[in-house]
Amino acid sequence: MANDSSRRFLSGVVEGFYGRPWTMEQRKELFRREQKWGLNTYLYAPKDDYKHRMYWRDLYSPAEAEQLVTLISTAKKHNIEFIYAISPGLDITFSNPKEVATLKRKLDQVSEFGCRSFALLFDDIETEMCPADKEAFSSFAHAQVAVTNEVFQHLPEPDTFLFCPTDYCAAFCMPSVNKSSYLHTVGETLLPGIDVLWTGPKVVSKEISVESIKEVSGVLKRAPVIWDNIHANDFDPQRVMMGPFKDRPTELLPNLRGVLTNPNCEFELNFVAIHTLATWCKSDPQRDVSMGECYGEDNVPDYVPQEALRLALSEWLVEFGISDQHGGSRKRQPKKESSEEEPMQTDPGYIPGPRENPLYTAEPLTLDDLMLLSQLFYLPYEHGPTAITMLQELNWLKSNSDAAGFGPLAPDNSKAVEWRTRADQFDQMCEAVVQMFNRLSNVPNRSILYDLYNYICDIKSGVSMARAYVKSLGGLSTPSVQPMNDDPEPWGFRGGLSGEFQRMLPSLGNRDLFRQPSASRVYTIRPYTPDDQVSATREENNGKSQYFTVVFIYSHRLASGQISSSPKCAFLLEDELGICAYALGLTEAKLYPEVLLRDYPAFITVQILPRVPDPIAAKRLVGNLLSALRANGCRSAFCEFRQGERRTLDFFTKLGSFRVLDVERLPKHLLVMGTSL
């Protein structure tokens with residue numbers, strides 16, 4: 001279904017996220033940017049403006065009214081269509097005329113402020129109707145449409161009127177978009193002058209295809225307005241989206257009524273999101289083929305996400321108060337009443353003497369820094385190319401750490417040389433992140449920095465820990481940041497209570513954006529059960545895997561005989577041939593020296609058959625055991641083995657968290673290693 005060419009295509013921003021709303025000054029700056037970049041719409045729908053959603057019945061106070069009047073007036077000055085949205089769906093009784101009159105009264109007040117465009121939003125609400133509504137309406141959709149149509153007809157010919165359905169994406173439509181009774185009711189009974197908001201296949205859609213839009217348009221009997229959450233970050237406080245607008249082919253343009261991006265909560269971090277959307281909206285759909293990767297021969301560009309990203313970042317660099325890299329002067333920032341002004345030297349005429357410290361000179365931020373920043377904080381479903389490379393290199397260095405020789409006896413074979421070379425390259429990539437952090441920390445525009453700071457501080461810390469870990473694998477230096485030790489600084493354990501919960505989950509990581517390369521074998525980790533002892537005994541009697549089963553039975557007897565067993569602290573690793581490794585934990589190892597048990601009360605034993613070449617599988621097995629011990633209240637644990645078991649020593653050493661313990665009266669042929677949990 002083609003877009004109605006007589007009406008202006010809506011392009012711009014929806015402030016529709018959960019969290020602190022933007023300030024009035026930020027919204028005015030948004031209008032300026034939208035006008036400059038060719039966008040034309042702003043949808044006011046902040047979820048945490050309590051008079052927009054929770055207390056939608058309340059009229060605005062005189063002070064609030066004055067602010068909205070100014071905001072609407074400013075939008076008009078910049079030729080931006082201001083759409084006021086209200087969300088009554090949390091508790092409205094659709095069949096009560098007084099409720100509908102209250103809704104009309106609220107929108108009449110906003111009309112008096114100069115607003116001529118409106119939206120009724122019924123997203124993210126319960127679908128169960130109250131008894132009164134069930135008697136009055138045949139379905140939830142009929143109730144919503146009846147009120148929406150009545151309000152639309154009440155308003156004096158609004159320029160734009162939007163309706164957000166409860167089923168606002170394909171994933172919510174049961175059993176499908178084409179067969180959704182809810183959407184069919186909306187399409188058949190909603191008045192033609194009302195446009196419908198739609199987020200695509202999902203709430204946060206990775207891709208939006210022309211075919212999917214044609215499908216929903218046929219059901220709705222109108223082209224939708226896309227409410228695009230591709231740059232939203234209100235669902236994850238540790239992420240910000242600074243990649244380009246992408247995976248929406250420009251052939252969508254003639255099939256839509258409009259596109260509004262619902263971006264990051266932090267206003268200053270939306271430069272890329274809004275700028276690249278504006279570039280996309282200005283693209284010629286006739287010249288775009290699957291969002292191609294080059295410009296046309298006649299110099300009319302297709303939309304190329306990476307080119308659009310570079311263009312946006314080049315302009316954003318100036319906003320930081322930095323030269324535009326082409327000889328332009330630094331943009332002067334307007335004077336602020338707070339401490340967000342550019343820092344100044346207290347004595348600009350001071351010149352240090354020949355034996356004094358030189359003045360600190362901050363290196364200027366570069367376009368390469370912003371490209372790196374964008375790739376570290378890219379999009380919901382993907383990391384940027386540089387971030388992917390760093391993850392791949394770290395994974396390779398971990399998986400091949402057996403080649404990480406060092407010192408005068410370091411091997412010169414090709415694998416060892418490759419490991420050291422790639423470790424050096426990884427270190428350089430980490431250093432680039434640290435330098436980016438340092439330069440960002442010294443930019444003149446502190447408003448942008450303050451919105452960025454938590455994110456760049458977190459990524460710097462994570463990268464620094466990975467960097468130190470790789471150095472420790474290669475023995476290049478004593479790492480300054482240990483992944484775990486006996487008494488870590490608070491930045492050594494990340495994520496607070498949420499992090500604690502996540503680390504207790506053995507499946508943590510199975511939904512990461514970065515998928516580790518699959519192993520040549522398929523392994524299963526499962527809890528140990530009493531039936532496994534019978535199986536192991538039978539296997540031993542048949543003469544199979546005798547060494548492994550003897551040790552396994554010994555460990556089982558240790559757990560169930562002389563020492564009380566620990567619940568859910570035993571795990572097995574299986575491959576296609578059967579059990580190939582086990583990890584057993586005892587929360588109270590009473591048979592060991594008291595001096596050891598005082599600091600390390602829990603005992604673990606691990607056995608891995610030589611047929612397990614994949615260190616990742618074994619590490620996950622031990623990780624499950626450590627998580628189980630931690631869940632049982634243990635804060636530290638130890639293991640013991642013979643001095644000559646080099647394979648076991650190497651395994652625990654490369655885990656990165658175990659260290660050799662000096663235990664008095666320990667037999668010389670034994671070695672003990674411990675870890676904090």
Side-chain angles (χ1 to χ4, degrees), residues 465 468-469 472-473 475 478-497 499-504 506 528 551 554-571 582-608 618-677:
M465 293 179 72
Y469 173 70
S472 68
L473 288 179
T478 301
S480 59
V481 182
Q482 290 284 357
M484 276 194 257
N485 58 48
D486 289 337
D487 187 22
E489 294 282 2
W491 52 81
F493 39 90
R494 311 291 294 172
L497 180 60
E500 296 283 1
F501 279 120
Q502 294 178 44
R503 284 187 288 273
M504 287 184 181
Y528 164 75
V551 175
Y554 168 75
S555 299
H556 174 81
R557 290 170 180 168
L558 180 67
S560 60
Q562 302 177 52
I563 304 175
S564 300
S565 61
S566 304
K568 301 180 181 178
C569 290
F571 296 89
Y582 73 84
L584 171 70
L586 306 172
T587 57
E588 295 183 4
K590 298 178 181 178
L591 295 183
Y592 289 85
E594 183 178 350
V595 66
L596 171 63
L597 298 180
R598 184 174 60 247
D599 296 325
Y600 296 90
F603 168 75
I604 70 171
T605 179
V606 177
Q607 186 65 36
I608 305 166
K619 289 176 182 178
R620 287 180 176 172
L621 175 69
V622 176
N624 279 20
L625 174 59
L626 297 181
S627 295
L629 287 171
R630 190 160 52 234
N632 275 271
C634 298
R635 304 312 300 173
S636 58
F638 74 95
C639 61
E640 70 168 14
F641 45 87
R642 296 180 181 275
Q643 290 273 9
E645 296 180 29
R646 297 296 306 174
R647 184 167 176 264
T648 304
L649 174 61
D650 290 343
F651 173 76
F652 279 102
T653 300
K654 289 175 180 179
L655 285 178
S657 58
F658 282 81
R659 65 182 181 88
V660 176
L661 303 179
D662 185 12
V663 182
E664 295 180 2
R665 300 187 300 276
L666 185 73
K668 292 183 178 181
H669 68 283
L670 293 180
L671 191 67
V672 173
M673 299 185 75
T675 182
S676 298
L677 301 178

In Å, rounded to the nearest 0.5 Å, how long is the span from [atom1] of [X] to [atom2] of [Y]?
{"X": "Phe603", "Y": "Cys634", "atom1": "CZ", "atom2": "SG", "answer": "13.0 Å"}
{"X": "Phe658", "Y": "Ser676", "atom1": "CZ", "atom2": "OG", "answer": "10.0 Å"}
{"X": "Asp662", "Y": "Leu596", "atom1": "CG", "atom2": "CG", "answer": "11.0 Å"}
{"X": "Leu626", "Y": "Phe571", "atom1": "CG", "atom2": "CZ", "answer": "10.0 Å"}
{"X": "Ile608", "Y": "Leu621", "atom1": "CD1", "atom2": "CG", "answer": "7.0 Å"}
{"X": "Thr605", "Y": "Leu586", "atom1": "OG1", "atom2": "CG", "answer": "8.5 Å"}

Between [Y] and [X], is there a side-chain heavy-atom distance shorter than 4.5 Å?
{"X": "Leu584", "Y": "Tyr528", "result": "no"}
{"X": "Cys569", "Y": "Asn632", "result": "yes"}
{"X": "Val672", "Y": "Tyr600", "result": "no"}

Open item on the list: Please identify which of these residues, Ile604, Thr653, Leu655, meets the side-chain contact (heavy atoms from CB on, under 4.5 Å) condition with Met673.
Closed with: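 The single option meeting the side-chain contact (heavy atoms from CB on, under 4.5 Å) with Met673 is Thr653.
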Open item on the list: Looking at every heavy atom in both Lys619 and Lys654, which two are closest together, and how far apart are they?
Closed with: NZ-O, 4.1 Å
Task: Contact summary for Leu629 and Ala637, nearest pair of heavy atoms - done: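 Of all heavy-atom pairs spanning Leu629 and Ala637, the closest is CD1-CB, 4.3 Å.
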Open item on the list: Ring-plane angle category for Phe652 and Phe641, please: parallel below 30°, perpendicular beyond 60°, tilted otherwise.
Closed with: parallel
Task: Ser657 (side chain) donor-acceptor with Thr675 (main chain) under 3.5 angstrom - done: no
